[in-house]
Amino acid sequence: MRTSKLMALAASLGAALALPTELLQQPLGDATPSSFLKVQQELRKAEIIPTVIDDFLPSLTLTVSWKKDAADLGNTIKPKRLQKQPTLLLYDEAGPEGLSSSDLSYVVTLTDPDAPSRDNPEWSEMCHWIAANVSVSQKTVSILPMPIFGMEEVDEASAPDDVIEYKPPGPPEKTGKHRYVFLVFAPRNGTTEPLHLSKPEDRQHWGTGEERGGVRDWARENDLVPVAANFMYSQHKKQ
Ligand SMILES: *[C@@H]1O[C@H](CO)[C@@H](O)[C@H](O)[C@H]1NC(C)=O
Ligand SMILES: *[C@@H]1O[C@H](CO)[C@@H](O)[C@H](O)[C@H]1NC(C)=O
């Protein structure tokens, strides 16, 4: 009786212990944090992969925030909330031991593949922003990428350099929801030298002159590879 009681106790303890052990072992077996898989999955679901960019697995996290809203992998934000240049925060969930380098400078782009509408993207893609010299934040950030609101104290020294200035999303009337896609790129060869980026001649078609010509072509031309992304939808209030 006593033995079996002890055994039952041991068994229930074992069961209770099994869960945390499993949870602890999971990240060791799979080096890819689930948040990166989630970003990839959402990009595929919204057909940003493969329409806008070839398939890739992010290695950094990007938050994009305006005064009252933040891009959150496919939420919908009113155009009037997007008028000012947003605050970008790029960070490495692995912290200082992560793969990112504080010497590398990253490039952030914003593109609209749905101009003037997703059904008829004849002006697509439209370049809304190219910001260079974006560095990985050294701040300690929560593991969960929480939207960060009201971050207005932009450190001037770390403000990005515009190759193409921020043009707020302005989806025309009756054109449905547009996807507004932020992509972060790193130099393919990992150089820490300043990048000499080409400036698209036109926002429309990113200067390629071709329908669907856009960020993928520009990144290829500049030897850049995608490392992070975020996106939201926006539409004109008259539909
Ligand atoms: C990025 O910073 C470097 C060094 O300060 C500068 O030479 C370069 O022009 C900057 N890039 C852009 C696009 O402004
Ligand atoms: C790395 O690529 C850039 C173009 O993105 C080029 O200007 C630079 O010379 C390359 N650096 C090295 C060390 O290969």
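Here the structure is a predicted model, which means the values were calculated and not measured. Order of listing sets the numbers, starting from 1, for every ligand and every atom in it.
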For atom 7 (O) of ligand 2, is some protein heavy-atom partner under 4.0 Å away?
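Flag for atom 7 (O) of ligand 2 set to false, no protein heavy atom closer than 4.0 Å.
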Might you check, step by step, whether the distance between atom 14 (O) of ligand 1 and some protein heavy atom is under 4.0 Å?
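At least one protein heavy atom is under 4.0 Å away.
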Note: Asp55-Arg44 ion pair, threshold 4.0 Å (strictly below):
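Salt bridge flag = yes for Arg44 with Asp55.
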If the threshold is 4.0 Å, N to carboxylate O, is there a salt bridge linking Glu47 and Arg118?
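Yes.
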If the plane angle is over 60° it's perpendicular, under 30° parallel, otherwise tilted; pick one for His178 and Tyr180.
parallel
Ring geometry between Trp218 and Trp206 (parallel below 30°, tilted from 30 to 60°, perpendicular above 60°)
tilted
Any heavy atom of Leu197 sitting closer than 4.0 Å to ligand 1?
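So Leu197 does not count as touching ligand 1.
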Taking 4.0 angstrom as the limit and counting only heavy atoms of Ala132, give me the atoms of ligand 1 inside it, by number and element.
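Contacts of ligand 1 toward Ala132, numbered from 1: 13 (C).
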Can you name the atoms of ligand 1, numbered from 1 with element, that are less than 4.0 Å from a heavy atom of Val163?
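The atoms of ligand 1 under 4.0 Å from a heavy atom of Val163 are 13 (C).
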For Val52, the option from Arg216, Arg212, Glu125 that meets side chain to side chain contact (heavy atoms under 4.5 Å, CB included):
Glu125
Is the contact between Asn222 and ligand 2 made by the side chain, the backbone, both, or neither, using heavy atoms and a 4.0 Å cut-off?
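Backbone only.
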Go through ligand 2 atom by atom and flag the ones less than 4.0 Å from a non-hydrogen atom of Asn189.
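Under 4.0 Å from Asn189, ligand 2 has these atoms: 1 (C), 2 (O), 3 (C), 8 (C), 10 (C), 11 (N), 12 (C), 14 (O).
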For Asp223, the ligand 2 atoms whose distance to one of its heavy atoms is below 4.0 Å:
5 (O)
For ligand 1, note which part of Leu195 has a heavy atom under 4.0 Å away: side chain, backbone, both or neither.
neither
Can you figure out which of Ile164, Ile130, Asn133, Asp161 has its heavy atom closest to atom 2 (O) of ligand 1?
Asn133
Less than 3.5 Å apart, any donor N or O on the side chain of Lys177 or Thr76 sitting next to an acceptor on the other?
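Side-chain D/A pair, Lys177 to Thr76: present.
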Below 4.5 Å, heavy atoms only, C-beta onward: do Trp123 and Asp112 meet side chain to side chain?
no
